[in-house]
Amino acid sequence: MIITVVGTGYVGLVTGTCFANAGNQVTCLDINPKKLQTLRSGEAPFFEPGLSELMTRSIDAGRLIFTDDKSEAYDNPDVIFICVGTPTGEDNRCDISFVTAVADDISTALGTMPNPPVVVVKSTVPVGTTQQIAQRIQGDFYIANNPEFLREGSAIDDFLRPDRVVCGVEDDIATKVLTQLYAPFVGQGRPLLFFDIQSSEMVKYASNAMLACKISFINEIASLCERNGADIDNVRTGMCADSRIGTEFFRPGLGYGGSCFPKDTLAVMEMGEDAGAPCLVNTAVHDINQRQRNWFANRIIKHFDNDLRGKKIAIWGLAFKPRTDDVRDAPSIDIAKTLLQAGAEISGFDPEAAENFSTAVPEVQIEKDMYKAAENADALIICTEWSEFSSPDFSKLQNVLNKPLIFDGRNLYSRDTMRNLGFTYYSVGRPTVENSPVPAQSS
Ligand code: UDX
Ligand code: UDX
C-alpha cells in the first residue's frame, strides 16, 4: 500500500519505518527541514534501539522517503497517518492544533487525489477529536482512529509484536484497509481489535491512565513504608504473588515522566472536568507523581541541613527512563532545578540524554564519564536505571566521592551491599542504610 505518515517524531518515524519494512511504500512528511537531512541519511533524530538499521534497509530499497513537500506527500496515498505532537498546552489542556493544521492540509490536497484515502488519527487525542477532525476535512475520504502503544526504548518491538492493535472505524473500507495493513503484525494471540471511534480513543487514555495509576499506587505505598519501617521490596513481592495483581509496572521510584503518561493523565482530568465527571483517581495519580520527585529532592536538602551552598551533587541518569534520550518531564529536571535553587553545584552523566538535558538545565555540568561526574561530589543521586549503573565499581566510586553517600531514586542496589561497603544509602520505600562509622578500636 501507499502510505503517508505526517510527523516523524517518536511515533511517526517508528510507524513509517515499520510499515515500510513490511513492504509498503511510505512517505514521511515533516515540517522540520533540519530533521529531514538526518532522516534521509538513515539516522534517527533520537535514540531508539534498532530504528536506524530498519530505516536504512527501507531507504536503500526506495520504500521509505522523507519530505517537507506536501504535494509530494499527498500525491496519491491509500492511507494517511496523522502522528504529529499533541502536547499539553499552557492551560494544561491537550493541544490539538498540530493535528487540525494537518487536517486542513489534507483538505486542500484531497481535491487532487484520484482515490479517497483512509485518514488515520494516530496521535493521542481527547475522545471526540477524531470525529471533529473528520468534520473539518472537506472532501472524499474515510476516517479512522488508531492509537499507539509504543514504549520508547522498545518501540520497534512494540510495533512489530504488539499486545494488540486497536482501531476505531465507521465503515468497511477503513476496516479492510487497516486489516490489510496490520496483517503482518497480528494473529497468534496478538488481536486486531475494531471498535467505534470514541472507544478507540478512550482505550488509549484508559490504558495509559491505568499504567500511570499502578506507578503512583506503588509509590504511595512506598512513602507509607518510609514512615512505618516496612520494606517496599518485600511488600511488592508479597502483593504481586497474587495473580490478580501481577508484577508488571510496579517498580517504586521517582515516578513517571516522558511525553505520554504526564500529558495523558492531565488529558483524562480535563475530559472529566469537561464532562462534569471529575476523574478523582487520575487527579490523585498526577498529584502523587508530582509529589514523589519533590519529596526526593527535599530529602536530599534535609540531609545537608537545608544548606547546599558549597556542596557538589552528582546525578547519574538524566533521561526520563533508560534506553531513550528523551528528557520530557524527566524527574531529573525537577530534582536538578530544586537542588540548584538550594545552592548546590550539579554534575550529570547519561549514556544518551545528556545533550537534551543540557538544553533543559544548562547550569548542570555534563560529564562524558560516570565516575568523572561523581568526582569530588558530596553525594550521588541516581535518577534513571540505566544498565550501566546496576553494578558499578563501588571502590572506584568511593574513591572519587567526597563522602560514601547515595540517594537512589530507582532502588538499584541491595541495602546489605550498601551497608557492607560503608555507604549511607537512601532509596525509595526502604529503611535508610546509615554509614555506621567503623567503631574505634578499644585500647
Ligand atoms: C506525538 C504525540 O506526543 C503523542 O501524543 C502521539 O501519540 C503521537 O505523536 P511524538 O512522536 O513523541 O508523539 O511527538 P513528537 O516527538 O513531538 O514529534 C512530532 C513530530 O511532528 C515532530 O517531528 C514535528 O516536527 C512534526 N510536526 C509537528 C509536523 O510534521 N507537522 C506539524 O504540524 C507539527
Ligand atoms: C508509555 C506506555 O507504556 C506506552 O504504551 C504508551 O504508548 C506511551 O507511554 P513510555 O512513556 O515510553 O511508554 O515509557 P514506559 O516504559 O511506559 O515508562 C513510563 C514511565 O513510567 C517512565 O518514566 C518509567 O520510569 C516509569 N515507570 C515505569 C515506573 O516508575 N515504574 C514502573 O514500574 C514502570
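If you read the sequence from its start, that first residue is 1, and numbering goes on from there. Computed from a prediction, not measured in an experiment: that's the story for all the values here. Ligands are counted one by one from 1 in listed order, and the atoms in each one are counted from 1 as well.
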### Query
Parallel, tilted or perpendicular: which fits the ring planes of Phe159 and Phe19, with parallel below 30° and perpendicular above 60°?
perpendicular
### Within the protein, residues bringing a heavy atom under 4.0 Å of ligand 2, chain by chain
Glu148, Phe149, Leu150, Arg151, Glu152, Lys204, Asn208, Ile215, Phe249, Phe250, Arg251, Gly255, Tyr256, Gly257, Cys260, Phe261, Phe320, Lys321, Arg410
### Task
For residues 205-231, pull every pair meeting side chain to side chain donor-acceptor pair (under 3.5 Å), keeping only residues two or more places apart or in separate chains.
Arg164-Ser207, Asn208-Asp264, Glu226-Arg299
### Summary
residues 32-56 vs side chain to side chain donor-acceptor pair (under 3.5 Å), sequence neighbours excluded, gives Glu53-Arg57
### Message
Would Gly12 count as a polar contact of ligand 1, with the cut-off being nitrogen or oxygen pairs under 3.5 Å?
### Response
no
### Task
Examine distances only and state if a side-chain atom of Glu385 and a backbone atom of Ser390 form a donor-acceptor pair shorter than 3.5 Å.
no
### Task
Among Trp295, Phe407, Phe296, find the residue that satisfies the ring pair (Phe, Tyr, Trp, His ring centres under 6.0 Å) test when tested with Tyr426.
Phe407
### Message
Tell me whether Val84 has any N or O atom under 3.5 angstrom from an N or O of ligand 1.
### Response
yes
### Pairs involving residues 183-197, ordered by first then second residue, that meet side chain to side chain donor-acceptor pair (under 3.5 Å) (sequence neighbours left out)
Asp196-Ser199
#### Entry: Distance-only N or O hit between ligand 1 and Asn32, under 3.5 Å
no
### Query
So do Gln292 and Ile215 actually touch side chain to side chain, heavy atoms under 4.5 Å?
no
### Task
For the residue pair Trp316 and Phe389, categorise the inter-ring angle as parallel (less than 30°), tilted (30 to 60°) or perpendicular (more than 60°).
parallel
#### Entry: Enumerated ligand 1 atoms positioned under 4.0 Å from heavy atoms of Phe98
33 (O), 34 (C)
### Task
Please report the closest heavy-atom contact between Pro252 and Asn411, naming both atoms and the distance.
CG-ND2, 3.9 Å
### Query
Non-hydrogen atoms of Val6 versus ligand 1: any pair closer than 4.0 Å?
no
### Task
Identify, by atom number and element, the atoms of ligand 1 in contact range of Lys35, meaning under 4.0 Å from any of its heavy atoms.
22 (C), 23 (O)
### Summary
Honestly, for Ala101 the part within reach of ligand 1 (heavy atoms, under 4.0 Å) is neither
### Summary
Under 4.0 Å from one or more heavy atoms of Thr86, ligand 1 contributes atoms 2 (C), 3 (O), 4 (C), 5 (O)
### Task
List every atom of ligand 1 that sits less than 4.0 Å from any heavy atom of Cys83, numbering the atoms from 1 in the order shown and giving each element.
9 (O)
### Query
Distance only, no hydrogens: is a donor on one side chain within 3.5 Å (strictly under) of an acceptor on the other, for Glu148 and Thr15?
no
